Amino acid sequence: MTIIKTYPNLEVLSAAAAELFAEKSCQAVEKKGRCNVVLAGGETPRRTYELLAEKPYCHTIPWQNVHFYWSDERCVPSDNSLSNQNMARQSLLDHVPIPEANIHPIVYENSPSMAAEEYEKILQSTFKKHTPQFDVVFLGLGDNGHTASLFPGTDALIIRDHWVRPVYVAEQQLYRVTLTPPILNQAASVIFLVTGSTKAHVIKEVIEGPRESIRLPAQSIQPVHGELYWLLDHEAAALLNLETKYL
Ligand code: 6PG
C-alpha cells in the first residue's frame with residue numbers, strides 16, 4: 001500500500017515523520033520485543049532525527065529495544081562529515097539512551113567489498129538466515145532518482161543474491177556500500193522523506209511515470225508486504241496530479 005502525504009515545509013514534515021516512527025517503533029517492540037530500523041543518509045532526515053532526540057520521543061520510545069542499521073554508507077572514515085553514521089550519531093544516537101550494542105553501522109576500513117561482506121554477515125546474524133524484515137526503513141531520494149546508494153545503471157539494482165553491495169559512484173568519485181532492493185522490499189514500513197523544488201521532477205517521474213527502475217532506482221522500492229510512505233513537502237509534490245497527492 002502506498003501512502004502519500006504532503007506538508008508545508010521540512011519542519012512540519014519532520015515532525016510527522018518523527019511521530020510516524022514513534023508509532024511504528026512502539027508497535028514493533030510491543031509485538032516482538034524489538035524494532036529493527038534502517039536510517040537513511042543525506043541531509044533531509046537530519047531534522048527528523050533531531051526531533052526524535054527531543055521530548056517527548058527521547059522519553060517515550062523504548063530505545064533499549066530499538067536497533068539501528070543504515071541503508072547505505074559512504075566509504076569514508078566514520079568521523080568524516082560525509083559519513084551517514086556520523087550524521088545519525090550527531091543528530092540522534094548520541095542524545096538518546098540507546099545501548100551501543102544496538103547500533104550497527106556499516107564499517108569501512110579500507111575495502112568497500114569487505115565492508116559490504118561484513119555488513120551482510122551482521123544482517124544474517126541479526127535475522128538468523130530468515131528473510132530479514134526491517135520494521136522501519138527511512139529513505140531519501142536524489143534528483144537523479146537514486147535512493148540509498150542505488151544509483152542509476154549500477155549492478156546493485158539487479159543483484160538478487162546479496163543484501164549488501166559495494167558501489168562505485170563515478171560522478172562523486174566515491175565508493176559506497178548499499179542495501180539492495182530485495183532486503184529493503186521486505187520491510188514492514190518504508191518511509192521516503194523528500195523536500196525541495198529540485199526534487200519535484202524526479203518525484204513526478206518516480207511516482208507517476210512509467211516503471212524504469214534502472215534509470216530511476218527509487219522505483220525498485222516496492223515493499224512486498226509492507227507499506228510505502230512518501231512524506232513530501234509541497235515543493236517536492238508540486239508536479240504531482242491531485243489524485244496522486246492524496247493516495
Ligand atoms: C546518501 C543517501 C542518499 C540520499 C539522497 C538524498 O547516503 O546520500 O542515502 O540516498 O538519501 O541522496 O539526499 P538529501 O536528503 O541530502 O537530498
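Both ligands and their constituent atoms are indexed starting at 1 by order of listing. Please read these numbers as outputs of a predicted model, since none were measured by experiment.
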Of His146, Glu43, Arg74, which has the heavy atom at the shortest distance from atom 8 (O) of ligand 1? Arg74
Counting heavy atoms only, which of Ala40, Gly140, Gly142 comes nearest to atom 11 (O) of ligand 1? Gly140
So is Lys199 touching ligand 1 or not, going by heavy atoms under 4.0 Å? yes
List the steps, then state whether salt bridge (charged side-chain N to carboxylate O under 4.0 Å, His left out) holds for Arg89 with Glu100. CA-CA 11 Å; Arg89 284 185 182 275; Glu100 186 60 28; 2.6 Å; yes
Assess whether ring-ring contact (aromatic ring centres under 6.0 Å, His included) is satisfied between Phe127 and Phe134, documenting all intermediate values. CA-CA 9 Å; Phe127 296 105; Phe134 287 109; 5.1 Å; yes
Taking atom types as modelled, is there a side-chain donor on [X] or [Y] under 3.5 Å from an acceptor on the other?
{"X": "Thr178", "Y": "Asp72", "answer": "no"}
{"X": "Arg47", "Y": "Ser14", "answer": "no"}
{"X": "Glu227", "Y": "Tyr229", "answer": "yes"}
{"X": "Gln90", "Y": "Tyr49", "answer": "no"}
{"X": "Tyr69", "Y": "Thr126", "answer": "yes"}

Going by the order shown, which atoms of ligand 1 are within less than 4.0 Å of some heavy atom of Arg176? 1 (C), 7 (O), 8 (O)
For Thr147, atoms of ligand 1 separated by under 4.0 Å from a heavy atom: 10 (O)
May I ask you to identify, for Asn84, whether its side chain, its backbone, both or neither come under 4.0 Å of ligand 1 on a heavy-atom basis? side chain
Please state which part of Asp72 comes within less than 4.0 Å of ligand 1, counting heavy atoms only: side chain, backbone, both or neither. side chain
What protein heavy atom sits nearest [atom], and how far away is it?
{"atom": "atom 6 (C) of ligand 1", "answer": "Leu141 O, 3.5 Å"}
{"atom": "atom 13 (O) of ligand 1", "answer": "Gly42 CA, 3.9 Å"}
{"atom": "atom 15 (O) of ligand 1", "answer": "Thr44 OG1, 2.6 Å"}

Using distance alone, decide if ligand 1 has a nitrogen or oxygen within less than 3.5 Å of any nitrogen or oxygen in Ala148. yes
Would you say that Tyr168 contacts Leu174 through its side chain, given a criterion of any heavy-atom pair below 4.5 Å between the two side chains? no
